[in-house]
J.: 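I'd like to ask some things about the structure below.
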Amino acid sequence: MAIKGCLSVTKYFLFVFNLLFFILGGVLLCFGLWILFDRGSFATMIGSSVPTLKVWSYVFSGVGILTMLLGFLGCLGSLKEIKCLLGFYFAFLLLLFSAQITIGVLVYTQRNSLSTRLGTIVESVIKDYGLYANQTDLEEGWDFAQEKMQCCGWYTPDDWMKNQKIQNTSVSLYPCSCRNVSAFHTNSSANSSTEFPEAKAGFCTTGAREKWPVYQTGCMNTLQAFLLNNSITIVGVCIGIALLELFVMTLSMCLCRNLDQNYNKLARYS
């Protein structure tokens, strides 16, 4: 009697947990589709630029689909006591858990080479920035990163001196996305007619080529400082997610192993 009671509690706990997980996945999917098909109104609501939302729409949609699939397997498998679905649910969670561990180990052990590789990609983006009429996804993403992290270039703002458009023009240009508002007002205080440019992408003009009104910290240092300052929070969240996955995997396997052996639940669906 006690064993049947424990199995019943496990069964309905898994059902409720995965039902919430399924609903969460549906919300994420709808959110992603909304951003994808109606980015204009969404960007107006949150005050962000449309191009930077493109990647997030795919991220939300992909995570939502995976979450809904996982929730569906857990819900139906636990409620209807279908062993094969519980087995798929356990295998999916195990695969997800293994992938997270593998990615974590690779990121930690290869952090130096990853930083070098990322720096090479960023330097390439900076060098070719602004050469084409329409911005590429990488250029849009880099503008967003510099604006939000309040940094300029990968190592230093001097990285932008390698840009082909800046090198080949007689006008003093600087990237609008890493403009420092306080520095801009300081530089323009002598000229009251100077107006603050609203552009957050592309190039802006300034009177002094040797002193741009931009942030003086490279984005690599800003990113490293953010990770260092929030390392405890990041590690805590990762450990919490891993423990939750292990707990749910244990429950699903216990339920699967202790179900009645002499049945064929799938027969009713055939």
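Residue indices begin at 1 and follow the sequence shown. What you see is a predicted model; the values in this text were computed from it and never measured.
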J.: Under 2.5 Å between the sulfurs of Cys151 and Cys219, yes or no?
T.: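 With an SG-SG separation under 2.5 Å, Cys151 and Cys219 do form a disulfide.
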J.: I need the Leu29 CG to Ile65 CD1 distance, nearest 0.5 Å.
T.: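 The distance works out to 5.5 Å.
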J.: Shortest non-hydrogen contact from Lys162 to Gln167?
T.: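 Nearest heavy atoms, Lys162 then Gln167: CA-NE2, 3.6 Å.
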J.: Evaluate side-chain contact (heavy atoms from CB on, under 4.5 Å) for Tyr12 paired with Leu79, printing each intermediate quantity in order.
T.: CA-CA 7 Å; Tyr12 288 107; Leu79 185 64; 4.1 Å; yes
J.: Can you get from Trp154 to Leu138 by hopping between Ile, Leu, Val, Met, Phe, Trp and Tyr side chains that sit under 4.5 Å apart?
T.: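 As far as the 4.5 Å side-chain criterion goes, Leu138 and Trp154 are connected within one cluster.
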J.: Does CG in Asn134 sit with more than 12 non-hydrogen atoms of other residues, nucleotides or ligands closer than 6.0 Å?
T.: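 Not buried by this count: 12 neighbours or fewer within 6.0 Å.
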J.: Taking atom CZ of Phe17 as the centre, does the number of heavy atoms from other residues, nucleotides or ligands within less than 6.0 Å exceed 12?
T.: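 Atom CZ in Phe17 is crowded, with more than 12 foreign heavy atoms closer than 6.0 Å.
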J.: What's the spacing between Phe88 CZ and Leu76 CG if we round to 0.5 Å?
T.: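 Here the interatomic distance stands at 12.5 Å.
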J.: Does a side-chain heavy-atom distance below 4.5 Å link Pro175 with Trp212?
T.: yes
J.: Atom CG in Asp158, atom CE in Met161: separation rounded to 0.5 Å?
T.: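 So the gap between those two atoms works out to 7.5 Å.
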J.: Taking all non-hydrogen atoms of both residues, which atom of Leu19 and which atom of Cys75 are closest, and how far apart?
T.: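 Smallest heavy-atom distance, with atoms named: N-SG, 3.1 Å.
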J.: Ignoring hydrogens, what is the shortest heavy-atom contact between Thr169 and Ile166? Give both atom names and the distance.
T.: CG2-O, 3.5 Å
J.: When hydrophobic residues are tied together by side-chain contacts of less than 4.5 Å, even through go-betweens, does Leu66 share a cluster with Leu14?
T.: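 The answer is yes; both residues are in one hydrophobic cluster.
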J.: Would you give the length of the straight line joining atom CG of Leu73 to atom CG of Asn18, rounded to the nearest 0.5 angstrom?
T.: 8.5 Å
J.: Looking at every heavy atom in both Gln146 and Ser177, which two are closest together, and how far apart are they?
T.: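 The pair with the smallest heavy-atom distance is NE2-OG, 2.7 Å.
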J.: Run the numbers on Gln135 and Trp142 for side-chain contact (heavy atoms from CB on, under 4.5 Å), then give the verdict.
T.: CA-CA 11 Å; Gln135 279 192 315; Trp142 185 239; over 6 Å; no
J.: Would you find more than 12 non-hydrogen atoms of other residues, nucleotides or ligands less than 6.0 Å from Phe92 atom CZ?
T.: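 More than 12 heavy atoms, drawn from other residues, nucleotides or ligands, come within 6.0 Å of this atom.
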J.: For Lys83 and Cys256, which heavy atoms make the closest approach, and how far apart are they?
T.: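 In terms of heavy atoms, the two residues are closest at CE-O, 3.0 Å.
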J.: What about Met68 and Leu20, same hydrophobic cluster or not, with Ile/Leu/Val/Met/Phe/Trp/Tyr joined at side-chain heavy-atom distances under 4.5 Å?
T.: no
J.: Quick one: pull up CG in Asn221 and CE in Met149 and give me the separation to the nearest 0.5 Å.
T.: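 CE of Met149 is found 10.5 Å from CG of Asn221.
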J.: Look up atom NZ in Lys11 and atom CG in Asn258, then write down how far apart they are to the nearest 0.5 Å.
T.: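 Here the rounded value is 13.5 Å.
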J.: Quick check on the hydrophobic clustering: are Val105 and Leu94 connected, directly or via other members, by side-chain heavy-atom contacts under 4.5 Å?
T.: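 In one cluster with Val105: Leu94, yes.
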J.: Check the hydrophobic clustering (I, L, V, M, F, W, Y; side-chain heavy atoms under 4.5 Å; chains of links allowed) and say if Tyr89 and Phe15 are grouped together.
T.: no
J.: Which pairs would a plain distance check flag for residues 117-128, meaning a side-chain donor or acceptor within less than 3.5 Å of a matching protein atom at least two apart in sequence or in another chain?
T.:
{"residue": "Thr120", "atom": "OG1", "partner": "Thr116", "partner atom": "O", "Å": "3.0"}
{"residue": "Asp128", "atom": "OD1", "partner": "Gln164", "partner atom": "NE2", "Å": "2.9"}

J.: Run the side-chain contact (heavy atoms from CB on, under 4.5 Å) test against Val63 and tell me which residues pass, sequence neighbours left out.
T.: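 Scan of Val63 (side-chain contact (heavy atoms from CB on, under 4.5 Å), adjacent residues dropped) gives Leu28, Val59, Thr67.
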J.: For residues Gly32 and Phe60, report the shortest heavy-atom separation together with the two atoms involved.
T.: CA-CB, 3.7 Å
J.: Run the ring-centre check on Tyr129 versus Trp160 and record whether the distance is less than 6.0 Å.
T.: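 Ring-ring flag for Tyr129/Trp160: true, centres closer than 6.0 Å.
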J.: Please list, one pair per line, the donor and acceptor atoms closer than 3.5 Å that link side chains of residues 231-255 to other protein atoms, with sequence neighbours excluded.
T.:
{"residue": "Ser231", "atom": "OG", "partner": "Leu228", "partner atom": "O", "Å": "3.1"}
{"residue": "Glu245", "atom": "OE2", "partner": "Gln100", "partner atom": "NE2", "Å": "3.2"}
{"residue": "Thr250", "atom": "OG1", "partner": "Leu246", "partner atom": "O", "Å": "2.8"}
{"residue": "Ser252", "atom": "OG", "partner": "Val248", "partner atom": "O", "Å": "3.3"}
{"residue": "Ser252", "atom": "OG", "partner": "Met249", "partner atom": "O", "Å": "2.8"}

J.: Are more than 12 heavy atoms from other residues, nucleotides or ligands located less than 6.0 Å from atom OH of Tyr155?
T.: yes
J.: Indicate yes or no: at least one non-hydrogen side-chain atom of Pro157 is less than 4.5 angstrom from one of Gln216.
T.: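 When only atoms from C-beta onward are counted, Gln216 and Pro157 do touch, with a gap below 4.5 Å.
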